[in-house]
K.L.:
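Right, I'll just put the structure down here and ask away after.
What's counted below: heavy atoms across the whole structure, side chains too, no hydrogens, waters or symmetry copies. Quick note on labels: first sequence line is chain A, next is B, and so on, each numbered from 1.
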Amino acid sequence: MTTGELGKNYEPSSSEEKWYRYWLAGDYFHSLDVSEKKPFSIVIPPPNVTGMLHMGHALNNALQDIVIRFKRMQGYNALWMPGMDHAGIATQNVVEQLLAAEGLTRHDLGREEFIARVWQWKDKYGGVIINHLKRLGASCDWARERFTMDEGLSRAVREVFVRLYNDGLIYRGDYVVQWCPRCHTAISDLEVEYQEASGYLWNIRYPLADGTGYVVVATTRPETMLGDTAVAVNPEDGRFRGLTGKQVVLPLVNRIIPIIADSYVSADFGSGVVKITPACDPNDFAVASRHGLPLVKIMDGNGCINENGGQYQGQDRYVCRDNVLKDLEAQGYLLGREPHLHSKGCCYRCKTDIEPTVSTQWFVRVAPLAKEALAAVENGKTRIIPALWEATYFDWLNNIRDWCISRQIWWGHRIPVWYCQDCGNTIVAATDPADCPRCGSAHLSQDDDVLDTWFSSALWPFSTLGWPDETEALKTFYPTSLLVTGFDILFFWVARMMMMGLYVRKEVPFRDVYLHALVRDENGEKMSKSRGNIIDPLDMIDKFGADAFRFTLCAYTAQGRDVKMSEERIEGYKHFVNKIWNAAKFSLMNLRDYPGPVSADADLTGDGLLLPDRWISHRLNQVTAEVTRQIEEYRFNEAAGSLYQFIWHEFCDWYLELIKPTLYGKVNPDQRAAVQGTLQRVLTTILQLLHPFMPFLTEEIWQALDENQDSIMMSSYPVFDPDRVDEDADAKMNLIMEVITAIRNIRGEMEIPPSKKLLVSISIPDDYSRQTISDASQYITHLANLEALVVGADLAEPKGSVSAIISAGRVFVLMEDSLDLGRKMAKIEKELAKLDRELANSANKLANRDFLAKADPQVIDRERGKNRDLVQRRQLLAESLARLKFMES
RNA sequence: AGGCGGGUAGCUCAGUCGGCAGAGCGCCACGCUUACACCGUGGAUGUCACAGGUUCAAGUCCUGUUCCGCCUACCA
């Protein structure tokens, strides 16, 4: 029984707040560790604790919420695991900036005090993004919320580290790594962003030590010459035959260094002679180890020249470059420069130029892990959607390099390694050791470094479920069902979760990975602070409501395509929200006195129903199947499109208009209750279909339909029912809609005002079609606004009428006022010309022997039918034209 | 350098099996018809980037060209 009433306009803000609180109070988002229901699980890509909701988050989480609400309604024990990432460098930067405002550095506080300050900051300001997610409607299982620095997750991190170490998959050593002089830490190769930069290639003369001449070295980074320990040529390069084995004097430094031959050098670039600076370049480092060259480190952690740089000590790298160039020029070593485009590495956090530097770091040996991760996708244990990303995934894992996991910062998981101060023993342990197992000394010091934030993120799918304990949740929800994330973190996160999941659990972390695109501005530009083109999701929610906003994101998310977002588009879908609201309001007004179905299955039997009811039920059933399939295939934009098309154009434009006379009791008051039954059921089903996309609006209307009901979330997602397929009703309604459209078309073309009632006759030779139209005369009269309708098998075209051709026959509209003959004739002539083109085309096909011999018989039949239809249409049109011409003369 | 994606109506884009080229927005005309003007009805609009090929038939498959975007790797 319907009790509610809807206000004039939907008020998103009050509705959203009300229902979100209602859902939380009712614990509707909670999933069970143990349940008879089938499990379905998603782990959230944990946003940074420092984060604010941006468009990327909004899209990402809207999609997850759609899937999880859908699955929950389908009866799954659906878990959406929420949480946040401690975001090592990002968070440390934030707190350091606050300290800087007080004139302090982290070193003033000391490690312990500093970490305490970070926790304080986290408790006070961190995690506002969780509230933002709630504004969006995210139905996460908040009781399970985790943080990567939680005690439990930290235990998981240590445990995995120790296992990897014991399996020989973690090692420590001196290598050239990507160093950020501002963040003061090493970062991984992935964390370097490359930008095109224009610079110079400088040619420098290096004199031979025996005084017999010189070689010319080309470099983009002249300042690093202070650390040169050789120069190299390609062994095949004829120009330098005989030079290999000789020595050169390093200008400014006066160090004697050898000329070596290595195939790494390409003869056709620059001068063909390369300076080798092992401490500053990974390639040079490799050359140096092949040739047993010494290594001279010339840079300190700040990107300044150290004591090995002699007179340049203490200078910033770029200051030093200028000075080195000046000195080279003054001493006659600089031969010139040419403009040179190269890509420059920057820190992805702070955009400072990266300084590749040799240092002692921890690495994960990833090749064996990558092999498993590769195989799991190859054999389909995990699906990547859209599949085109598989190639990228394979390519990266096939060429993967070891992962530098140590960071020289304080905020993060400290590496669980201790060094014995007395015997030098290295202890790797999951729990803090009390003393050295070798010598018993209690003088242990823990490694100063922390782990890359992505190390803990890589464990997220199982660490959040309680691992290393074998919890019920872990058993129930791992492997998770689906991961939804942006393609930009495919390597950072997805690939690493695959590796760690397979290593630790011997099972993939998720079955499906859906990679969505980037949200850009309306011009397709990346949103960024510097461009000033950021659209704040919270502003959009305030302005248009969370539902309209979510639906917009969803509607524009075609697989593999970026989303171009603009306020205008969201506003467009706000109109859709308004349309639904009004359709619901109208329905409720007309359902208030609905006595309920006469019998339990009354609304299931087609027999007692009017044609529009049968048709809308049929269409609703089809759309249910469509939308279900589209969500299951992650075709979110298509699901949104199907719902939009059905609700607006079929339910509102046709069905609601068709039933008005019946509802108003103008035709047959007895049929009102039957129509009410269908209306109620269709509206209810629409709300359920729509709920995952528009959770707030649908709950608001749902509760208004019956305020004693439980949340719409607790109802079952609609299911396609083969018994409801009603092709007969569909065919009949199509015929009727064609007639109505034809009459409206004439009205429009002839500029007859909508209020003018028309006299119409329809001639249909075929019995079935004629009967259909004749039975539907009340609908046609109403929707086309007719005075009178005559239906016959072979009616002649009345004088002074305008005709339209429909598939089943002809429609005549009597013109009472003087007919604009010229306008009508021009229209017919234009139509005839078009028809002739189509006819010629079709006749050609049917005259083509090859077509008749080779085409699918069904296609030939269709072509023949089309041809017959065209011939008939053409004839009728020609007749009409002749008649008009006669009238004119 | 290699890889991937894209080029379809004025704009933003769908188009899954090769078989009549579509939607939304915008635009034009008419209309405040008792859910909705955040609306209704009707209408106009195409060299499917270019060239070639396969096919009875190509927006769709193949080859090449071109422009745009992205990713990966970097030769100093």
K.L.:
Quote, to the nearest angstrom, the C1' distance that separates B/A51 from B/C67.
P.N.:
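Looking at atom C1' only, B/A51 and B/C67 are 15 Å apart.
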
K.L.:
Could you run down the sub-3.5 Å N/O contacts of the protein with nucleotides 55-57 of chain B?
P.N.:
from: B/C56; atom 1: OP1; to: A/K854; atom 2: NZ; distance (Å): 2.2
from: B/C56; atom 1: O2'; to: A/N848; atom 2: ND2; distance (Å): 3.0

K.L.:
Sort and list the pairs that fulfil side chain to side chain donor-acceptor pair (under 3.5 Å) and have at least one residue in residues 848-866 of chain A, not counting sequence neighbours.
P.N.:
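Listed by first then second residue: A/S842-A/E863.
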
K.L.:
Using atom C1' in both nucleotides, what's the gap between B/A14 and B/G53 to the nearest angstrom?
P.N.:
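It comes out at 28 Å once rounded to the nearest Å.
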
K.L.:
Who are the side-chain contact (heavy atoms from CB on, under 4.5 Å) partners of A/R569, not counting sequence neighbours?
P.N.:
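Testing A/R569 for side-chain contact (heavy atoms from CB on, under 4.5 Å), a comparison that skips the adjacent residues, returns A/T552, A/Y556, A/K564, A/S566.
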
K.L.:
Establish, yes or no, whether the cationic atom of A/K660 lies under 6.0 Å from the six-membered ring centre of A/F586 and within 45° of the ring axis.
P.N.:
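Yes, A/K660 sits over the ring of A/F586.
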
K.L.:
Can you check the distance between B/C17 and B/G43, where both ends of the measurement are the C1' atom (answer in whole Å)?
P.N.:
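Roughly 34 Å separates the two C1' atoms.
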
K.L.:
Sort me out a list of protein N/O and nucleotides 15-18 of chain B N/O pairs below 3.5 Å, or just none if empty.
P.N.:
from: B/U16; atom 1: O4; to: A/E638; atom 2: OE1; distance (Å): 3.2

K.L.:
Between the base of B/A35 and the side chain of A/K660, is there any donor-acceptor pair under 3.5 Å?
P.N.:
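A donor-acceptor contact between them is present.
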
K.L.:
Return the residues of residues 640-651 of chain A meeting this criterion: a heavy atom under 4.0 Å from some atom of RNA chain B. Order them by number, or give none.
P.N.:
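Heavy-atom contacts with RNA chain B come from A/Y644, A/W648, A/H649.
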
K.L.:
Name all stems that contain residues of RNA chain B, defined as runs of 3 or more consecutive Watson-Crick or G-U wobble pairs, both distances under 3.5 Å.
P.N.:
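Consecutive-pair runs (3 or more) involving RNA chain B: B:1-7 with B:66-72, B:10-13 with B:22-25, B:27-31 with B:39-43, B:49-53 with B:61-65.
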
K.L.:
Can you pull the side chain to side chain donor-acceptor pair (under 3.5 Å) pairs that have at least one residue in residues 261-278 of chain A, sequence neighbours excluded?
P.N.:
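Side chain to side chain donor-acceptor pair (under 3.5 Å) check on residues 261-278 of chain A returns A/T224-A/K275, A/D228-A/K275, A/D228-A/T277, A/D262-A/R290, A/D262-A/H291, A/K275-A/T277.
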
K.L.:
Tell me, please, which residues at least two apart from A/N9 pass side-chain contact (heavy atoms from CB on, under 4.5 Å).
P.N.:
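Only A/N578 meet the side-chain contact (heavy atoms from CB on, under 4.5 Å) criterion with A/N9.
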
K.L.:
Between protein and nucleotides 4-11 of chain B, what N or O pairs are separated by less than 3.5 Å?
P.N.:
from: B/G6; atom 1: O3'; to: A/R561; atom 2: NH1; distance (Å): 3.1

K.L.:
Going by side-chain contact (heavy atoms from CB on, under 4.5 Å), name the residues that satisfy it together with A/Q195, two or more places apart in sequence or in a different chain.
P.N.:
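Here the qualifying residues are A/C346.
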
K.L.:
Run the side-chain contact (heavy atoms from CB on, under 4.5 Å) test against A/F394 and tell me which residues pass, sequence neighbours left out.
P.N.:
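Listed in chain order: A/L374, A/V377, A/E378, A/E390, A/N398.
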
K.L.:
Excluding sequence neighbours, so at least two apart, what forms side-chain hydrogen bond (donor to acceptor under 3.5 Å, both in side chains) with A/R629?
P.N.:
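Partners of A/R629 under the side-chain hydrogen bond (donor to acceptor under 3.5 Å, both in side chains) test: none.
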
